[in-house]
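Step one of this worksheet: look at the structure below.
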Amino acid sequence: MEYFANIGKIKYEGKNSTNPLAFKYYNPDEIICGKTMKEQLRFALSWWHTMGGDGTDMFGCGTADKTWGEKDPEKIAKAKVDAAFEIMDKLSIEYFCFHDRDLSPEYGSLAESNEKLDVITDYMVEKMKADPSKKCLWGTAKCFDHPRYMHGAGTSPSADVFAYAAAQIKKAIEATVKLGGNGYVFWGGREGYETLLNTNMGLELDNMARLMRMAVDYARSIGYKGDFYIEPKPKEPTKHQYDFDVATVLAFLRKYGLENDFKMNIEANHATLAQHTFQHELRLARENGVFGSIDANQGDMLLGWDTDQFPTNVYETALCMYEVLKAGGFVNGGLNFDAKARRGSYTAEDIFHSYIAGMDAFALGLRIADKMISDGRIDKFVEDRYSSWKTGIGADIISGKVTFEDLEKYALAKGEVVDTLSSGRQEMLESVMNNIMFSL
Ligand code: XLS
Ligand code: CA
Ligand code: CA
């Protein structure tokens with residue numbers, strides 16, 4: 001069955017095309033910065049928003065029908081697979097990301113939920129065998145939806161809930177391995193607190209680390225070779241999420257000796273909720289060797305919550321892809337559209353417009369980032385700005401040759417140094433960036 005019969009394969013028509021159902025910038029096989037665009041961008045469809053999200057919000061029920069013409073939960077789950085593969089095909093998206101419960105819902109018992117999940121993953125394996133261009137970027141467990149997780153999963157005050165979450169994660173890891181997943185994500189769901197008056201923060205964090213250690217050890221024991229990611233988010237649903245931002249997560253990983261097992265899945269909208277730029281979070285991850293994957297979306301700067309919008313801000317995608325290229329590109333990670341069409345954009349066609357908008361914004365971002373690097377003005381400026389560290393006292397500090405006493409002697413002899421400083425030239429660099437962006 002064809003779910004989107006009146007939409008054909010979306011083609012690249014170039015920047016002068018006015019066809020809304022065509023790519024203007026994403027040309028999958030074009031080489032940019034040494035790789036094809038599809039290898040550089042590794043786009044992924046998010047099962048939860050695209051296949052399941054019907055626009056429900058706290059003020060109203062869904063506006064989009066995501067039952068895919070079926071009534072029975074197992075049939076809906078299978079139809080979702082067929083429809084997802086058709087969307088991926090038509091948009092030239094190779095990867096998908098999922099929560100266990102997006103693939104197959106929760107049934108009466110864990111055993112039954114597991115059995116039904118197997119039916120769907122068996123079905124997906126068959127389809128992926130027939131079409132090896134469809135791959136799993138990452139999987140995860142939905143340990144935040146059911147009432148049992150009201151106080152958290154790995155950080156729940158209840159040991160029974162911790163055990164239940166562990167069992168659910170074990171199964172989600174198995175499903176990810178079965179689907180050949182490149183990654184497994186921990187997003188902190190309800191791992192946080194509402195008030196410290198009822199919270200043993202120390203025990204909760206120790207337990208979270210215990211859960212992660214067990215998950216990694218188990219996955220490796222069954223032959224999983226992909227990455228593990230933590231996806232930082234500062235707030236929502238809890239007032240304070242433990243995985244606040246990249247820096248907080250790094251401190252957590254290092255405290256518990258998990259820093260070699262995890263990388264970051266950085267989401268644009270979560271970065272801005274933490275009052276950082278997206279680029280800041282990417283840079284921090286890159287500088288600390290933990291850059292892994294990206295949830296590509298954007299928030300609304302006037303709202304304080306996670307709006308998960310399809311990304312269209314090219315300035316942001318360019319700075320993002322600049323960080324990705326500087327990090328050496330994606331290895332196991334990619335660009336997952338953890339994004340949903342607005343509630344009013346409820347038609348099947350809107351799925352395509354949303355992805356085209358997001359993919360083109362990132363394709364353009366990649367083209368600009370490549371140009372920023374080959375143009376060289378920005379990199380050269382930064383290099384020159386730090387030139388005092390290459391020779392003389394700067395080189396001696398870096399090589400560890402000088403002591404505090406030596407520096408005192410040097411400073412006393414040198415006198416005031418303010419005149420040796422040069423301008424930061426922020427406005428000039430922002431103008432260079434605009435010049436590069438609009439010369440494409
Ligand atoms: C929620 C998160 C979530 C994760 C996967 O804000 O972005 O969608 O990516 O659990
Ligand atoms: Ca996300
Ligand atoms: Ca999000």
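Each ligand, and each atom within it, is numbered from 1 in the order the structure gives.
- Looking at N288 and R254, their side chains do bring a donor and an acceptor atom within 3.5 Å of each other.
- A donor-acceptor contact under 3.5 angstrom links the side chains of T56 and D54, judged on distance only.
- Checking Y315 against E430 by side-chain atom types alone, no donor-acceptor pair falls below 3.5 Å.
- Put simply, the side chain of R101 never gets that close to the backbone of K142: no donor and acceptor are under 3.5 Å apart.
- Residue D338 approaches the Ca ion (ligand 2) most closely through its N/O/S atom OD2.
- T248 and Y242 share no side-chain donor-acceptor pair at under 3.5 Å.
- E231 has its closest N, O or S atom to the Ca ion (ligand 2) at the position named OE2.
- Taking the centre of each ring, F262 and Y229 stay at or above the 6.0 Å mark.
- The nearest N/O/S atom of H270 to the Ca ion (ligand 3) is NE2.
- Within the 4.0 Å heavy-atom criterion, the part of H270 lying near ligand 1 is the side chain and not the backbone.
- Set against the non-hydrogen atoms of W48, the atoms of ligand 1 under 4.0 Å away are 8 (O).
- Tested against V290, the residues I266, I230, L250 include a single side chain to side chain contact (heavy atoms under 4.5 Å, CB included) partner, L250.
- Within the 4.0 Å heavy-atom cutoff, E236 does not count among the residues contacting ligand 1.
- As for D306, its N/O/S atom nearest the Ca ion (ligand 3) is the one called OD2.
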message: Set out, in order, the CA-CA distance, both residues' side-chain angles and the distance that settles side chain to side chain contact (heavy atoms under 4.5 Å, CB included) for F4 and I87, then state yes or no.
response: CA-CA 8 Å; F4 309 93; I87 294 171; 3.3 Å; yes
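- The atoms of ligand 1 that sit less than 4.0 Å from any heavy atom of H99 are 5 (C), 10 (O).
- Which parts of ligand 1 touch E267 is read off a 4.0 Å heavy-atom cut-off, strictly below it: atoms 7 (O).
- Here the N, O or S atom of D308 that is nearest to the Ca ion (ligand 3) is OD1.
- Not a single N or O atom of W187, backbone or side chain, sits closer than 3.5 Å to an N or O atom of ligand 1.
- Checking each of F144, F186, W47, W187 against H99 for a ring pair (Phe, Tyr, Trp, His ring centres under 6.0 Å) leaves exactly one that passes, namely F144.
- Counting only heavy atoms of the protein, atom 8 (O) of ligand 1 lies nearest to D338 OD2, 3.0 Å.
- Taking only nitrogen or oxygen atoms, main chain and side chain alike, K233 reaches within less than 3.5 Å of ligand 1.
- A salt bridge links D122 with K178: the distance from a Lys NZ or Arg NE/NH1/NH2 to an Asp or Glu carboxylate oxygen falls below 4.0 Å.
- Under a 4.0 Å criterion applied to the non-hydrogen atoms of D295, ligand 1 contributes the atoms 9 (O).
- If you number the atoms of ligand 1 from 1 as listed, the ones under 4.0 Å from a heavy atom of D306 come out as 6 (O).
- Expressed to the nearest 10°, the angle at the Ca ion (ligand 2) joining OD2 in D295 with OE1 in E267 is 100°.
- The protein non-hydrogen atom at the shortest distance from atom 2 (C) of ligand 1 is E231 OE2, 3.3 Å.
- A tilted orientation is assigned to the rings of F96 and F98, their planes being inclined by 30° to 60°.
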